[in-house]
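Values below: every heavy atom of this structure, side chains too, minus hydrogens, waters and symmetry copies. Below, read A as the first sequence line, B as the second, and so on, with proteins coming before strands; counting in each chain starts at 1.
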Amino acid sequence: MIFSPDSRLPYNNKDDNMTEVRVRIAPSPTGICHIGVARAAMYNWIFARHCGGKMILRIEDTDAKRNIEGALESIVDGLAWLGIDFDEGPYYQSQRLDRYNEIIDDLIKQDKAYIDNDPEKGDCVRLRMPEGRMEYTDIILGDSGWDMGLLDDLVIRKSDGWPTYNFAVVIDDHDMRISHVIRGLEHFSNVSKQMAVYRALGWEPPQWAHFPLLMGPDGKKLSKRRDYSQFHIYSSIEDFRKAGYLPQTLVNFLMLIGWSPGDDSEIMGIDEIVKCFTLERVVKTNSQMNGEKLVWMNGKYIRSYKPEDLLELLLPFIAAAGYDVEKFDRKWLVEVVALYQDSISLLAEFCEKAKYFLDDEIEYSEKALNKHLRKGDAREILAETLEAMEVLENFDEESIERVLREVAAKHEVGFGKVAQPLRVAVTGDAVSPGIYETVALMGRARALKRIKNALNII
RNA sequence: GCCCCCAUCAUCUAGCGGCCUAGGAUGCCAGAUUCUCAGUCUGGACACGGGGGUUCGAGUCCCCCUGGGGGUACCA
């Protein structure tokens with residue numbers, strides 16, 4: 001990512017080739033990398049990459065009161081994590097005041113704009129709106145129009161000297177030679193205002209594409225304040241990352257909301273999406289986020305990794321859970337990961353599920369103890385299992401299986417009657433991966449110690 | 001209030017007049033695999049908001065209603 005100190009643009013761009021695809025996102029640096037910003041960035045970036053065009057970052061920072069320190073970095077970082085980068089920028093609106101004023105003054109000279117005196121608010125500049133109906137076409141929504149008589153003369157310069165949003169956007173998009181404005185539906189009604197500015201300036205407007213809005217998992221409007229964690233949904237990219245989502249999951253999932261490739265493909269990598277993405281296939285309806293499908297998809301991606309690669313992704317989560325990552329044998333950890341790869345859907349789940357591998361001491365679930373160890377001859381069976389395991393030459397999966405089968409045969413009980421007591425004894429709970437793998441990987445010392453301990457407390 | 005946009009299973013979607021007794025995915029239910037859980041596989045239930053048209057024929061086109069969303073600032 002490049003941050004050029006002087007990011008003002010050349011004003012004259014008449015000679016440039018306007019057929020080049022150039023798109024942008026224009027966030028305000030007012031907070032974290034919100035899911036809405038990420039989605040807009042994804043549409044623009046994917047469209048740019050599909051067309052071989054350029055992706056540009058512009059910062060709308062004219063409202064100094066709202067600017068937050070570090071917000072730009074967190075937005076750029078969040079997008080980078082998703083795989084979104086920029087070819088140009090960031091350009092700052094705050095550095096382009098001269099350019100806006102030059103155009104406003106010229107508009108006044110031509111009597112296309114005028115100074116409006118308001119005794120209370122001060123002088124502002126308004127653009128004379130055209131008469132009649134303005135027609136325009138949106139790539140996603142189709143033909144539309146607006147009765148311009150409904151609009152007041154648009155304020156283009158506020159009394160504080162700054163241009164208004166709808167004016168600055170037009171100047172910026174033109175100067176940056178933006179070919180397609182791809183943004184959320186909340187901006188749709190700005191088109192008429194911006195078209196009026198394009199017309200006054202005699203400039204060619206870009207192509208418009210307004211994608212529908214993302215609704216919360218509760219079906220209501222997405223709110224920054226609300227906590228959606230019960231739905232496995234978050235409002236910031238950073239929170240998705242912390243919850244253990246993979247970036248490719250988020251990209252895949254978010255793109256499949258509001259767009260489809262046309263066939264039945266569901267699990268799609270970003271390259272594949274770039275290849276077949278078209279704005280025409282973006283749907284027109286608002287859509288609700290479904291956390292269950294998101295979790296499912298993340299599980300699919302988790303299962304697609306080789307265990308050693310998955311471990312690399314898991315390491316930060318293991319460290320964040322308070323473990324000293326260095327104290328574990330790396331190869332052994334890979335095996336633990338392999339054991340759990342099928343049963344986790346979020347990276348953050350690993351430590352909780354595999355805690356009896358990571359912790360020295362385990363906690364026993366009373367319920368599991370009662371159900372599997374304090375019933376029938378479970379205690380006797382476990383004690384016998386312990387005895388047989390103590391004399392095992394090789395403490396490996398095959399040997400352990402043999403022991404369990406022998407014990408089961410001797411007592412004439414099902415395999416579960418032997419496996420479950422053992423499982424509870426070594427893990428503390430009635431649920432774990434396969435019992436031989438679990439016990440073998442745990443190691444002889446740990447397993448035997450835990451069995452003895454269990455026999456003591458039941 | 002006014003303006004604009006939208007409308008297929010619970011959810012995300014396919015469908016661009018006959019291929020639709022509406023397809024896929026998640027979730028849900030059942031079965032298989034099995035030492036528990038998960039995973040995987042197989043099967044099942046679940047939708048064209050309502051009413052008028054147009055047409056030989058409408059989920060697909062038109063109108064109305066209803067519902068949802070967005071916008072109506074000297075915010076962005």
Side-chain angles (χ1 to χ4, degrees), chain A residues 26-28 30 60-63 65-66 93 116 118 120-126 138 140-142 144-147 149-152 154-169 184-193 210 212-213 215 217 219-221 231 253-267 280-281 283-297 299-300 302-303 339-345 353 368 371-372 401 404-405 408 414-424 427 429-438:
Chain A
S28 300
T30 54
E60 314 222 319
D61 58 348
T62 53
D63 192 349
K65 296 183 292 291
R66 290 174 48 171
Q93 281 193 332
D116 179 26
D118 186 311
E120 281 174 30
K121 296 178 188 165
D123 292 352
C124 70
V125 177
R126 287 182 186 269
D138 188 280
I140 296 167
L141 298 173
S144 190
W146 198 279
D147 181 0
L150 257 22
L151 258 30
D152 287 339
L154 183 71
V155 173
I156 57 178
R157 180 160 63 206
K158 299 180 276 182
S159 55
D160 65 5
W162 284 96
T164 55
Y165 167 78
N166 278 308
F167 180 76
V169 163
L185 197 58
E186 73 269 24
H187 287 286
F188 189 60
S189 51
N190 287 330
V191 173
S192 51
K193 295 174 187 172
H210 291 84
L213 270 18
M215 309 300 283
K220 298 201 188 92
K221 197 181 143 178
F231 301 102
F253 176 77
L254 252 17
M255 285 311 292
L256 243 34
I257 284 182
W259 173 83
S260 81
D263 57 22
D264 290 335
S265 305
E266 290 269 346
I267 302 291
E280 286 78 4
R281 288 201 63 84
V283 303
K284 298 174 166 185
T285 52
N286 290 170
S287 38
Q288 198 175 316
M289 281 192 276
N290 180 337
E292 287 164 335
K293 185 162 185 173
L294 180 61
V295 168
W296 164 79
M297 191 177 275
K300 279 281 185 191
I302 282 180
R303 270 162 249 133
L339 217 47
Y340 280 92
Q341 188 157 14
D342 278 352
S343 49
I344 60 170
S345 295
K353 294 214 174 190
K371 184 167 180 195
H372 299 288
E401 177 173 7
L404 299 189
R405 298 252 176 239
F415 192 77
K417 291 284 183 204
V418 180
Q420 281 305 83
L422 176 58
R423 170 170 282 120
V424 175
T427 71
D429 207 345
V431 174
S432 86
I435 191 67
Y436 339 125
E437 296 93 316
T438 302

Interatomic distance, [X] [atom1] vs [N] [atom2] [rounded to whole Å]:
X	N	atom1	atom2	answer
A/Lys193	B/C4	NZ	P	15 Å
A/Asn190	B/G71	CG	P	9 Å
A/Phe415	B/U33	CZ	P	17 Å
A/Leu256	B/C12	CG	P	12 Å
A/Asn290	B/U11	CG	C1'	5 Å
A/Asp263	B/G24	CG	P	14 Å
A/Phe253	B/C12	CZ	C1'	7 Å
A/Glu60	B/C75	CD	P	14 Å

Checking contacts here: which listed nucleotide ([options]) is nearest the side-chain heavy atoms of [X]?
X	options	result
A/Lys158	B/A76, B/C35, B/G24	B/A76
A/Trp296	B/C12, B/A25, B/A14	B/A25
A/Ile257	B/C12, B/A38, B/A14	B/C12
A/Asp342	B/G27, B/A38, B/G70	B/A38
A/Thr285	B/U13, B/G15, B/U26	B/U13
A/Tyr165	B/A76, B/G71, B/C35	B/A76
A/Val283	B/C74, B/U13, B/U40	B/U13
A/Asn286	B/G70, B/G24, B/G69	B/G69

Check your understanding: Where each residue is assigned the nucleotide of RNA chain B containing its nearest heavy atom, which of A/Gln288 and A/Asn166 is assigned the position nearer the 5′ end?
Key -> A/Gln288
Revision key, fill the gap. Per nearest nucleotide of RNA chain B, the residue lying toward the 5' end, A/Arg303 or A/Gln93, is A/Arg303
Taking atom [atom1] in both [N] and [M], compute the distance separating them and give it to the nearest angstrom.
N	M	atom1	value
B/C48	B/U8	C1'	4 Å
B/C9	B/G23	P	14 Å
B/U55	B/G18	C1'	12 Å
B/G49	B/A22	P	15 Å
B/A76	B/G71	C1'	14 Å
B/A30	B/G68	C1'	36 Å
B/U54	B/G59	P	16 Å
B/A7	B/U60	P	11 Å

Mind checking if [X] touches a base, just sugar-phosphate, or nothing, with heavy atoms under 4.0 Å?
X	result
A/Asp118	base
A/Tyr436	base
A/Met215	sugar-phosphate
A/Ser260	sugar-phosphate
A/Lys300	sugar-phosphate
A/Leu141	sugar-phosphate
A/Lys221	sugar-phosphate
A/Gly258	sugar-phosphate
A/Ser287	sugar-phosphate
A/Pro433	base
A/Gly122	base
A/Lys284	sugar-phosphate
A/Ser144	sugar-phosphate

Least distance between heavy atoms, [X] atom then [Y] atom:
X	Y	value
A/Gln93	A/Val169	NE2-N, 4.3 Å
A/Leu404	A/Phe415	CB-CE1, 3.7 Å
A/Asn286	A/Pro212	ND2-CB, 3.3 Å

Review point. At under 4.0 Å, does any side-chain N or O of A/Arg157 touch on OP1 or OP2 of B/C74?
Key: no
Check your understanding: Taking OP1 and OP2 of B/G15, is either one under 4.0 Å from a side-chain nitrogen or oxygen of A/Arg281?
Key -> yes
For [N], give the paired nucleotide (Watson-Crick: N1-N3 plus N6-O4 or O6-N4; G-U: N1-O2 and O6-N3; both under 3.5 Å), or none.
N	value
B/C2	B/G71
B/A30	B/U42
B/A58	none
B/A25	B/U11

Check your understanding: Can you tell me if A/Arg423 uses its side chain to pair, donor with acceptor, with the backbone of A/Pro433 under 3.5 Å?
Key -> yes
Check your understanding: Would you find a donor on one side and an acceptor on the other, under 3.5 Å apart, between the side chain of A/Arg281 and the backbone of A/Ser260?
Key -> yes
Check your understanding: How far apart are the C-alpha atoms of A/Asp263 and A/Ser265, what are their side-chain angles, what is the distance that settles it, and do they pass the side chain to side chain donor-acceptor pair (under 3.5 Å) test?
Key -> CA-CA 6 Å; A/Asp263 57 22; A/Ser265 305; 2.7 Å; yes
Check your understanding: Do A/Lys293 and A/Glu266 meet the salt-bridge criterion of a basic N to acidic O distance under 4.0 Å?
Key -> yes
Point to revise | Over 12 foreign heavy atoms within 6.0 Å of NZ, A/Lys158 | key: yes
Check your understanding: So, does the side chain of A/Glu266 form a donor-acceptor pair with the base of B/G24 at under 3.5 Å?
Key -> yes
Check your understanding: Name the one of A/Val431, A/Leu339, A/Ile344 that satisfies side-chain contact (heavy atoms from CB on, under 4.5 Å) with A/Lys353?
Key -> A/Ile344
